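Since the structure comes first, as structure tokens, the remarks are kept for the end.
Just so it is clear, the model here is predicted, and its values are computed rather than measured.
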Amino acid sequence: MNNERLRILLEQYFNDTIGSDDCRELLNYLNDNPGEVFNAVDENVLNLDAAPAFDNIQAQKVLAGIKADARFTQTQEDEAVVVPIVAKASSIKLYAAFIKIAAAVLVFGTVGFYFVQKYKKAAGQNEVAAVQPAKILPGSNKAILTLASGKSIVLDSAENGALASTGKSQVNKVGDGKLVYDALPGAAHAGVNAVLYNTLTIPPGGQYQVVLPDGTQVWLNSSSALSYPTEFTGNERRVKLTGEAYFEVAKNKDKPFYVEMNNTQIRVLGTHFDVSAYSDDSAITTTLLEGSVQVSKNNKQALLKPGQQAVVDNRADNIAVSKVNTNTAVAWKNGYFVFEDEDIATIMKKVSRWYNADVEYKASFDGQRFGGTFARSKSIAELLKNLEQIGKVHFKITGRRITVMQ
């Protein structure tokens with residue numbers, strides 16, 4: 001095993017993202033080559049110039065933390081689904097090696113001890129960063145706003161207040177997770193005539209809210225994007241959606257509101273509804289909570305009443321309308337997953353979008369259906385544990401990958 005591979009495995013071991021196979025590989029290697037861990041750390045981790053200083057008290061805390069690490073005291077009999085545990089004998093070997101590292105910290109005193117490390121190269125060369133794999137966390141308010149000029153603004157790191165003037169509107173961040181478009185005073189007399197478009201993009205593991213120039217409120221779910229004008233001119237209002245959004249459309253009987261998705265269109269005057277139009281789903285689903293909407297695709301049309309849902313097949317022009325529990329459709333907006341007799345693939349697709357995780361399957365789960373309500377703020381481990389309790393399914397987390405097993 002070369003030093004780069006060893007360093008990566010050590011990094012994953014420390015932040016609990018190492019897989020069971022990699023964990024066994026690491027500990028078996030260190031069992032046979034106990035001195036190698038110090039060599040790797042000495043070269044790549046103990047950076048005297050760039051790292052934060054450690055005094056003797058801090059070093060003692062490092063040593064105490066190593067001694068208290070449960071991974072060095074558990075055996076294979078206590079192995080859990082999420083955290084890989086290996087044989088106690090090998091763990092003791094690794095424990096001894098880390099004691100040596102802590103001893104080195106005590107000796108050098110000012111040595112920095114961290115794994116996300118920048119290595120200094122010769123003059124003129126770029127620095128190479130070792131990226132620490134992130135743990136799987138619940139989603140949060142984050143998005144990217146792309147202006148008509150092509151400029152992108154990362155909203156989760158932007159300060160509250162005015163972000164930009166675009167067309168006849170000013171876009172403001174008014175709180176954590178919310179944008180508002182306000183008309184610019186005097187813009188009509190300043191030679192601003194062109195209609196400009198902005199796009200709000202929500203990454204996996206994100207959500208965001210925007211108030212459009214007409215007062216329409218839109219909540220966007222993970223892995224979604226909304227394109228809209230900074231001013232609604234003419235006799236209609238049009239936006240384009242990919243992914244999922246909940247709309248509360250400002251009423252204007254003289255200017256209908258349209259949502260476009262692939263070959264499907266929704267027409268409303270003023271109403272509350274949810275649209276799910278992910279490109280990797282087999283259908284576009286529209287659920288009406290209040291008012292009325294017309295869903296159309298090519299020559300097919302359907303008029304929805306409150307409490308109804310239209311499912312438009314992406315591979316055909318079929319529109320199926322049925323009565324549903326609307327709370328299920330908008331549960332994500334209110335901070336919940338609500339699964340109603342759903343297969344594991346459908347559930348894990350929603351989970352992967354919100355937690356920004358990859359999913360792989362090691363078995364077939366045909367015929368198994370799941371139900372339940374879960375808070376989206378819960379840890380991924382807790383959610384998966386609950387699913388295990390209600391069905392014949394098991395999960396393993398390795399880094400940012402969730403493996404689904406029987």
Side-chain angles (χ1 to χ4, degrees), residues 141-156 158 162-174 177-184 187 192-250 252 255-281 283-286 293-297 312 314 332-333 353:
N141 295 325
K142 49 190 171 186
I144 299 172
L145 174 65
T146 304
L147 305 176
S149 64
K151 178 183 177 181
S152 294
I153 302 173
V154 179
L155 297 179
D156 33 310
L163 299 178
S165 295
T166 173
K168 297 181 181 180
S169 297
Q170 178 175 279
V171 56
N172 304 288
K173 181 179 177 183
V174 298
K178 187 175 183 179
L179 283 183
V180 175
Y181 282 77
D182 293 320
L184 280 172
V192 181
N193 296 314
V195 177
L196 305 177
Y197 283 82
N198 288 180
T199 300
L200 186 60
T201 303
I202 318 300
Q207 62 181 6
Y208 225 80
Q209 181 184 357
V210 58
V211 180
L212 299 178
D214 67 333
T216 292
Q217 299 187 68
V218 187
W219 288 258
L220 288 156
N221 203 353
S222 303
S223 302
S224 302
L226 185 72
S227 179
Y228 48 89
T230 59
E231 178 191 13
F232 290 108
T233 60
N235 55 7
E236 63 183 23
R237 298 169 287 172
R238 285 186 180 270
V239 300
K240 294 183 179 180
L241 172 71
T242 59
E244 184 169 18
Y246 173 76
F247 291 83
E248 292 186 356
V249 177
N252 187 337
K255 189 177 287 190
F257 191 98
Y258 294 89
V259 182
E260 297 178 354
M261 308 141 294
N262 297 329
N263 295 323
T264 301
Q265 176 179 273
I266 298 172
R267 180 182 185 274
V268 303
L269 295 177
T271 186
H272 299 179
F273 62 98
D274 182 88
V275 184
S276 181
Y278 287 103
S279 59
D280 57 347
D281 285 346
I284 294 173
T285 303
T286 303
V293 300
Q294 182 186 69
V295 180
S296 60
K297 181 179 182 183
V312 182
N314 284 333
W332 66 270
K333 171 184 167 289
R353 291 169 184 153

Where do Leu145 and Tyr208 land on the side-chain contact (heavy atoms from CB on, under 4.5 Å) test, with the steps shown first?
-> CA-CA 11 Å; Leu145 174 65; Tyr208 225 80; over 6 Å; no
So, is the end of the Arg238 side chain (NZ or CZ) under 6.0 Å from the ring centre of Tyr258 and within 45° of the ring's axis?
-> yes
Residue pairs meeting ring pair (Phe, Tyr, Trp, His ring centres under 6.0 Å), one or both in residues 262-281, sequence neighbours left out, come to Phe247-Phe273
Any idea which heavy atoms bring Ala158 and Ile153 closest together, and the distance?
-> CB-CG2, 4.3 Å
Output, in order, the C-alpha distance, side-chain angles, deciding distance and verdict of side-chain contact (heavy atoms from CB on, under 4.5 Å) for Ile266 and Met261.
-> CA-CA 9 Å; Ile266 298 172; Met261 308 141 294; 3.8 Å; yes
Neighbour count above 12 (heavy atom, 6.0 Å) for Lys240 NZ = no
About how many Å separate OG of Ser165 and CG of Leu196, when rounded to the nearest 0.5 Å?
-> 11.5 Å
Nearest heavy-atom neighbours spanning Ala164 and Leu147 = CB-CD1, 3.7 Å
Output, in order, the C-alpha distance, side-chain angles, deciding distance and verdict of side-chain contact (heavy atoms from CB on, under 4.5 Å) for Arg353 and Asn221.
-> CA-CA 9 Å; Arg353 291 169 184 153; Asn221 203 353; over 6 Å; no
Give a yes or no answer on whether the side chain of Lys173 reaches the backbone of Leu155 with a donor-acceptor pair at less than 3.5 Å.
-> yes
Testing Thr216, Asp214, Thr230, Asn198 for side-chain hydrogen bond (donor to acceptor under 3.5 Å, both in side chains) with Tyr181, which one passes?
-> Asn198
Is there a donor-acceptor pair under 3.5 Å between the side chain of Lys255 and the backbone N or O of Phe232?
-> yes
Which residue pairs satisfy the salt bridge (Lys or Arg N to Asp or Glu O under 4.0 Å) criterion with at least one member in residues 202-213, sequence neighbours excluded?
-> none
Quick one: NZ on Lys151 to OG1 on Thr166, what's the gap to the nearest 0.5 Å?
-> 11.0 Å
Nearest heavy-atom approach of Gly243 to Ser224 is CA-OG, 3.4 Å
side-chain hydrogen bond (donor to acceptor under 3.5 Å, both in side chains) partner of Asp274, chosen from Trp332, Trp219, Tyr246 | Trp332
Can you list the residues that meet the side chain to side chain contact (heavy atoms under 4.5 Å, CB included) rule with Ser279, with sequence neighbours excluded?
-> none
Minimal heavy-atom distance between Ala143 and Ile202, with the atoms involved, is CB-CD1, 3.5 Å
Check Thr199 against Ala225 and note the closest heavy-atom contact, atom names and distance.
-> CG2-CB, 4.5 Å
